[in-house]
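Note that these values count all heavy atoms, side chains included, but never hydrogens, waters or copies made by symmetry. Each residue takes its place number in the sequence, starting with 1. One-based numbering, in listed order, for ligands and for the atoms of each. Worth saying up front: this structure is predicted, and the values here are computed from it rather than measured.
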Amino acid sequence: MERLTSPPRLMIVSDLDDTMVEHRNDNENHSLLRFNSLWEEAYRHDSLLVFSTGRAKTMYKKLRKARPLLTPDVIVTSVGTEISYGKSMVPDENWVEIMNNKWNRGIVEEETRKFPELTLQAETEQMPHKLSFHVDKSKVKEVTKELYQRLEKRGLEIKIIFSGGIALDVLPKGGGKGQALAYLLKKLKTEGKLPLNTLVCGDSGNDTELFTIPNVYGVMVSNAREELLEWYAANGKDNSNIIHACERCAGGIIEAIGHFKLGPKLSPRDVSDFLECKADNVNPGHAVVEFFLFYERWRRGEIENCAAYTKSLKASCDPAGVFVHPSGAEKSLRGTIDELGKYHGDKKDKKFRVWTDQVLATETTHGTWIVKLDKWEQTGNERKCCTTTVKFTSKENEGFVWENVQQTWSEESEVKDDSTWII
Ligand code: GLC
Ligand code: MG
């Protein structure tokens with residue numbers, strides 16, 4: 001969050017499973033990729049992305065390996081009982097202290113063991129401040145009431161959350177996704193960085209609390225679960241800051257950005273020909289997002305094999321521009337575009353996707369920009385990632401000129417030596 005020097009324009013706080021990430025109808029991650037390019041092009045530089053998930057960190061990392069998830073600024077894991085910051089996920093120790101208040105894991109274990117209706121979830125889901133079970137829906141009311149009473153008698157203050165029609169979590173009373181968001185907002189306010197707008201996004205029971213935080217917009221994606229919709233019918237219907245989207249998952253998040261007029265809502269992935277639509281390229285981060293999208297479409301053979309495209313790209317590269325390949329080899333930038341020209345359609349039907357993450361542009365001296373990003377490439381199940389630095393110059397009315405590009409294999413890349421990598 002340190003990179004922002006002023007209040008974020010938008011903070012998105014989104015659940016992952018069945019909200020940001022589609023598990024049923026979209027194995028090409030279409031809507032997630034649409035959200036990703038919108039975020040990187042229009043919001044990354046001045047906004048905050050927060051993921052708030054029921055998953056523990058290890059299970060989150062698993063999901064991140066399987067799906068094209070962006071790197072959030074803040075990650076809230078284990079149903080709002082852990083908060084961590086940045087790519088390296090530095091835990092908030094202060095939040096741990098808060099979670100310890102009136103909490104004793106041993107006692108919760110002891111008491112929950114007395115309920116035959118509760119089946120413990122896998123070991124990987126059990127965390128210091130979260131015990132998770134499966135329970136038959138018909139038993140939830142009874143069990144919840146009884147468990148609250150028993151734990152209160154033993155001096156604890158806890159919270160029970162029912163989600164997805166099957167999962168029951170026991171947390172400290174001060175925990176949960178809503179409390180974690182309230183804590184974050186307070187922290188940001190103290191730092192003078194209270195977001196201008198906040199949008200919360202969810203689909204199930206453990207997301208309910210997010211919608212109860214004052215002054216936030218909320219979207220329940222179209223595929224929201226019964227327990228969230230029931231809460232909405234009883235408590236949220238009169239709140240015009242909450243919508244039930246028409247679109248599923250990340251599509252619903254984009255829909256809400258448009259509905260509440262929170263900023264740009266057109267994903268570059270929904271624009272078919274952006275080489276002809278060079279509208280408001282005020283930030284060279286846009287040029288990078290769009291270039292790699294062009295690159296994906298070119299190799300998937302989704303755009304016409306037309307020399308005008310590569311010609312126009314070459315024209316925006318300095319004739320002396322250099323590309324440092326992740327292998328260390330130096331090539332000419334224009335030569336690299338020529339080489340790309342030969343790969344039209346080579347990834348057709350190969351489940352090839354390209355996405356950019358953490359695209360950040362800085363103007364170093366007047367008219368000189370450095371854009372840093374992670375460029376991901378996936379073919380089938382194989383993923384590669386290069387940390388990429390692009391230097392641009394800009395002259396009045398002439399747009400951005402690519403001066404040089406440098407890439408190194410990212411730590412997260414599954415492949416770290418590949419002579420077929422183009423750029
Ligand atoms: C996630 C967690 C699970 C929890 C559920 C509902 O699926 O992995 O442990 O019970 O969210 O909060
Ligand atoms: Mg969910």
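Set against the non-hydrogen atoms of S132, the atoms of ligand 1 under 4.0 Å away are 9 (O), 10 (O). Residue A167 has at least one heavy-atom neighbour below 4.0 Å for each of these atoms of ligand 1: 6 (C), 10 (O). Close approach of ligand 1 to N206 (heavy-atom distance below 4.0 Å) involves ligand atoms 6 (C), 11 (O), 12 (O). Atoms of ligand 1 found under 4.0 Å from any heavy atom of V79 (numbered from 1 in listed order, with element): 12 (O). Numbered from 1 in the order shown, with element, the atoms of ligand 1 that lie under 4.0 Å from a heavy atom of S163 read 6 (C), 12 (O). Atoms of ligand 1 lying under 4.0 Å from any heavy atom of K130, numbered from 1 in the order shown and given with element: 3 (C), 9 (O).
A salt bridge does not link E152 with R154: none of the charged nitrogens is closer than 4.0 Å to a carboxylate oxygen. Between R3 and D73 there is a salt bridge, with a side-chain nitrogen of the basic residue lying less than 4.0 Å from a carboxylate oxygen of the acidic one.
Under 3.5 Å, the side chains of Y183 and D92 contain a donor-acceptor pair of N or O atoms.
Residue, atom and distance of the protein heavy atom nearest to atom 2 (C) of ligand 1 are G54 O, 3.3 Å. Of the protein's non-hydrogen atoms, Q121 OE1, 3.3 Å is the one closest to atom 3 (C) of ligand 1. Closest protein heavy atom to atom 8 (O) of ligand 1: E125 OE1, 2.7 Å. Ranking the protein heavy atoms by distance from atom 4 (C) of ligand 1 puts D169 OD1, 3.3 Å first.
Shown are R64, R383, K65, K384; of these, the side-chain hydrogen bond (donor to acceptor under 3.5 Å, both in side chains) with E412 is made only by R64. Under the side-chain contact (heavy atoms from CB on, under 4.5 Å) test applied with K177, the options V13, V200, D15 reduce to a single match, D15.
For the pair R299 and F352, the cation-pi test (distance below 6.0 Å, angle within 45°) is passed.
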Under the side chain to side chain contact (heavy atoms under 4.5 Å, CB included) criterion, do K114 and E146 qualify, and how do the steps go? CA-CA 11 Å; K114 297 176 187 160; E146 174 90 17; over 6 Å; no
Would E247 and S31 count as a side chain to side chain contact (heavy atoms under 4.5 Å, CB included) if you check the C-alpha gap in whole Å, the side-chain angles of each, and the deciding distance to 0.1 Å? CA-CA 10 Å; E247 290 200 43; S31 58; over 6 Å; no
Just do the side chain to side chain contact (heavy atoms under 4.5 Å, CB included) check on L118 and H134 with the steps written out, would you? CA-CA 6 Å; L118 295 176; H134 287 142; over 6 Å; no
The test is side chain to side chain contact (heavy atoms under 4.5 Å, CB included); show your working for E230 and E226 and say whether it passes. CA-CA 6 Å; E230 274 173 7; E226 191 185 352; 3.2 Å; yes
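Restricting D203 to its N/O/S atoms, the shortest distance to the Mg ion (ligand 2) is reached by OD1. Summary: O is the N/O/S atom of D17 found nearest to the Mg ion (ligand 2). The atom of D15 that is an N, O or S and sits closest to the Mg ion (ligand 2) is OD2.
Taking backbone and side chain together, D207 holds no N, O or S atom under 2.8 Å from the Mg ion (ligand 2).
At a distance under 4.0 Å, a protein heavy atom can be found next to atom 11 (O) of ligand 1.
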